[in-house]
Amino acid sequence: LARPERRPTSPTGYTRGVNTETTIDSTAGGGGVGRAGVPTVELEAITKHYLKPDGSILVEALRGIDLTIPTGQYLAIMGSSGSGKSTLMNLLGCLDRPTSGSYRLEGLDVSTLDDDSLSQARGRRIGFVFQAFNLISELTIVENVEVPLFYQGVSRSKRHELAISRLELVGLADRLD
């Protein structure tokens with residue numbers, strides 16, 4: 001299987017940066033749009049502001065981000081410490097909300113959802129790969145894979161079946177015991 005050629009380009013719609021030290025590079029990886037011509041991610045004029053602990057100074061972590069990520073696009077977010085990478089990733093992962101602007105995930109404006117709806121969107125539309133394992137040591141590998149399915153309301157038998165099939169799919173069948 002040949003790997004696609006990796007060519008850094010500016011993502012469609014990217015016009016303003018996180019700050020002067022952060023860059024967003026994308027690599028063509030199938031590109032295009034998902035359901036009914038809708039990109040996977042669309043950010044418009046996204047800002048995120050934080051107050052410092054003493055409340056005296058406002059930190060503008062993100063300033064007017066416009067970004068469109070077509071379905072199948074590979075993306076790298078790079079920058080120095082404090083440049084807004086983690087803030088942007090938290091917003092993209094629906095773990096935090098923007099101060100202002102619009103975030104559409106597969107056409108759904110998640111920036112306006114209540115907490116329960118945002119949790120549901122995150123659980124059904126987003127997958128996380130962490131640097132650390134973030135596994136629950138008291139659980140088996142199958143039970144760890146079942147955890148997000150539990151929160152999605154999947155029945156116990158279906159959770160178990162799905163967990164095993166996904167572990168087999170990624171070559172971890174030998175760790176099922």
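Rounding to the nearest 0.5 Å places OG of S155 at 8.5 Å from CD of E161. Distance check, rounded to the nearest 0.5 Å: CG of L105 to CZ of R124 gives 13.5 Å. How far CZ of R63 is from NZ of K48: 15.5 Å, rounded to the nearest 0.5 Å. Note: S100 OG to H49 NE2 = 6.0 Å, rounded to the nearest 0.5 Å. Between the CG atom in L167 and the CG atom in L169 there is a gap of 9.5 Å [rounded to 0.5 Å]. Atom OH of Y103 and atom CG of D109 lie 10.5 Å apart (nearest 0.5 Å).
A donor-acceptor pair under 3.5 Å is absent between the side-chain atoms of R125 and the main chain of T40, judged by distance alone. Between the side chain of N90 and the backbone N or O of L95 there is no donor-acceptor pair closer than 3.5 Å. A donor-acceptor distance shorter than 3.5 angstrom exists from the side chain of D66 to the backbone of A45, with no hydrogens or angles considered. Judged purely by atom type and a 3.5 angstrom limit, E146 has no side-chain atom pairing as donor or acceptor with the backbone of A163. The main-chain N or O of D114 is never found under 3.5 Å from a side-chain atom of S117 such that the two would form a donor-acceptor pair.
Closest approach of L108 and A121 over heavy atoms only: CD2-CB, 4.2 Å. Nearest heavy atoms, S111 versus S102: OG-CA, 3.7 Å. Nearest heavy atoms, E168 versus A173: CG-CB, 3.7 Å. Between G107 and V38, the shortest heavy-atom distance links the atoms N-CG1, 3.3 Å. Across every non-hydrogen atom of G93 and R122, the tightest pair is O-CD, 3.4 Å.
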Could you give me the CA-CA distance, side-chain angles and deciding distance for T87 and D96, then say whether side chain to side chain contact (heavy atoms under 4.5 Å, CB included) is met? CA-CA 8 Å; T87 300; D96 201 357; 5.5 Å; no
With side chain to side chain contact (heavy atoms under 4.5 Å, CB included) as the criterion, how do L92 and I77 come out once you've worked through the C-alpha distance, each side chain's angles and the decisive distance to 0.1 Å? CA-CA 12 Å; L92 290 172; I77 300 172; 4.1 Å; yes
Apply side-chain hydrogen bond (donor to acceptor under 3.5 Å, both in side chains) to T99 and T47, showing your working. CA-CA 5 Å; T99 302; T47 65; 4.7 Å; no
CA sep, side-chain torsions, deciding dist, call: V41, L75, side chain to side chain contact (heavy atoms under 4.5 Å, CB included): CA-CA 11 Å; V41 169; L75 186 73; over 6 Å; no
Evaluate the criterion side chain to side chain contact (heavy atoms under 4.5 Å, CB included) for residue pair L43 and L91; output intermediate values, then yes/no. CA-CA 10 Å; L43 303 180; L91 292 177; over 6 Å; no
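Linking ILVMFWY side-chain heavy atoms closer than 4.5 Å, directly or via other members, places L113 and I126 in a single hydrophobic cluster. Linking Ile, Leu, Val, Met, Phe, Trp and Tyr residues whenever their side-chain heavy atoms come within less than 4.5 Å places L172 and L176 in a single cluster. By the rule that hydrophobic residues join a cluster once side-chain heavy atoms approach within less than 4.5 Å of another member, V170 and I141 end up as members of one cluster.
Between L62 and P98, every side-chain heavy-atom pair lies at or beyond the 4.5 Å cut-off. Within the 4.5 Å cutoff, the side chain of L88 has no heavy atoms near those of the I46 side chain. Looking only at side-chain heavy atoms (C-beta outward), L135 and E143 stay at 4.5 Å or farther from each other.
Other cluster members for V154: L149, L162, joined by side-chain heavy-atom distances under 4.5 Å among Ile, Leu, Val, Met, Phe, Trp and Tyr.
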